Amino acid sequence: MKGPELSSLRPRRLATIRGRILIGVLVLLAAGLIGNSVAGAVTLRNYLDHRAEVSLRASGDRVHRLLAAGPQTINGTQLSALISPILGMTVIGPDGGVAAQAGDGVPGAINRLTAGRLDQVVTVKDDPSVPDLIALRIPTSGLTVKTSEGEAIASAVILTVRTDIDRSTVTDFVSSQATIVGVTLVLAFATALLILKFGLRPLGRMANAADAIASGAREERLPTYGDHSETDRLATAVNAAFDAQARAEDNIRAFAADASHELRTPLATISGWLDLYHQGGLTTPADLDRALERVDGEVGRMRLLVEELSLLARLDAGRPPGSTARRPAAPGHRCGRGRRRCRP
């Protein structure tokens with residue numbers, strides 16, 4: 001039966017060393033880049049949230065310090081400067097309604113969302129009437145705020161910082177990081193493929209030489225470069241194994257030729273005596289005995305050669321020389337015309 005062709009025995013692309021190394025490097029690089037980007041996005045998000053909360057509490061502390069000195073009357077501009085850089089401010093009147101507002105995008109619903117939560121940072125998310133923000137409601141008993149409509153006694157001031165803008169910043173950061181990761185992976189793939197192509201070229205040449213040897217080119221050997229690298233040492237060891245195999249095959253051929261020559265001589269002698277017998281050249285009992293003596297001697301010589309071959313086979317197989325018992329001759333078997341028994 002015809003064996004499979006060498007091309008069908010070659011591994012698939014992803015099963016090669018180059019493919020496995022390339023995939024491993026890209027997976028590790030992608031994991032590192034994605035992990036770094038995720039960590040960067042989380043860090044940025046936490047930093048922006050922390051900065052907004054710190055700014056909110058700092059403005060609230062300034063309002064508390066102002067009120068600690070006694071009743072105060074300030075206008076909206078002074079209050080805005082006091083709480084800067086807070087983006088929004090809502091003044092709550094004595095009746096609990098909104099008396100005044102300052103800043104862009106401050107929703108009126110913030111009064112309802114922060115009611116009863118004095119000096120607490122309130123985080124508002126996913127509310128259809130309010131953008132994402134954090135708010136701090138500060139009690140301001142004794143504070144009078146001058147507005148365009150007159151003076152308003154403020155029972156509380158709500159400070160707000162919008163966080164939807166910060167979330168947009170984080171989203172933009174994630175998008176830019178995704179683009180950077182994609183471009184980096186493409187460049188890394190091309191660079192790694194180029195490096196592996198040149199770095200694993202000796203292995204490819206070794207594989208081609210091995211294919212040639214398997215196809216019958218016994219004198220072919222794996223290429224070596226003398227640089228003492230791992231591939232060079234492997235090629236040297238494999239070449240030494242091929243050389244040893246070639247020497248063993250040569251020895252076997254020489255031994256087979258010698259054995260066939262040694263066996264041919266007694267066979268020729270035995271055949272000559274048998275031909276002489278069949279042609280009637282052995283007429284007297286003395287001639288027949290002499291012929292049987294010669295045949296018996298050649299048979300013993302052949303038996304000795306066969307036993308030596310069997311001993312060599314057992315030694316090569318690692319078995320002790322006496323592991324196989326000699327098969328006894330069949331009882332009653334006689335040589336020639338039955339005048340004498342064959343020698344054991």
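Only a predicted model underlies this, so the values are computations on that prediction, with no experimental measurement involved. Heavy-atom basis, side chains included; hydrogens, waters and symmetry copies ignored.
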Sequence neighbours left out, what passes salt bridge (charged side-chain N to carboxylate O under 4.0 Å, His left out) with [X]? Give chain and number order.
{"X": "D250", "answer": "R253"}
{"X": "D119", "answer": "none"}
{"X": "R290", "answer": "D287"}

Residue pair R62 / S59, side-chain donor-acceptor N/O under 3.5 Å | yes

Between the side chains of T171 and R167, is a donor N or O closer than 3.5 angstrom to an acceptor N or O?
-> no

Contact check, side chains of [X] and [Y], non-hydrogen atoms, under 4.5 Å:
{"X": "F189", "Y": "V25", "value": "no"}
{"X": "V181", "Y": "S37", "value": "yes"}
{"X": "L136", "Y": "V122", "value": "no"}

Ion pair present between R45 and D49, side-chain N to carboxylate O less than 4.0 angstrom?
-> yes

Could you see if [X] belongs to whatever hydrophobic cluster contains [Y]? Use Ile, Leu, Val, Met, Phe, Trp, Tyr and a side-chain cutoff under 4.5 Å.
{"X": "I110", "Y": "I165", "result": "no"}
{"X": "L118", "Y": "I134", "result": "no"}
{"X": "Y47", "Y": "V170", "result": "yes"}
{"X": "V124", "Y": "I92", "result": "yes"}

Any donor-acceptor pair under 3.5 Å from S310 side chain to V306 backbone = no

Evaluate side-chain contact (heavy atoms from CB on, under 4.5 Å) for R221 paired with D243, printing each intermediate quantity in order.
-> CA-CA 9 Å; R221 290 295 180 265; D243 293 338; 2.8 Å; yes

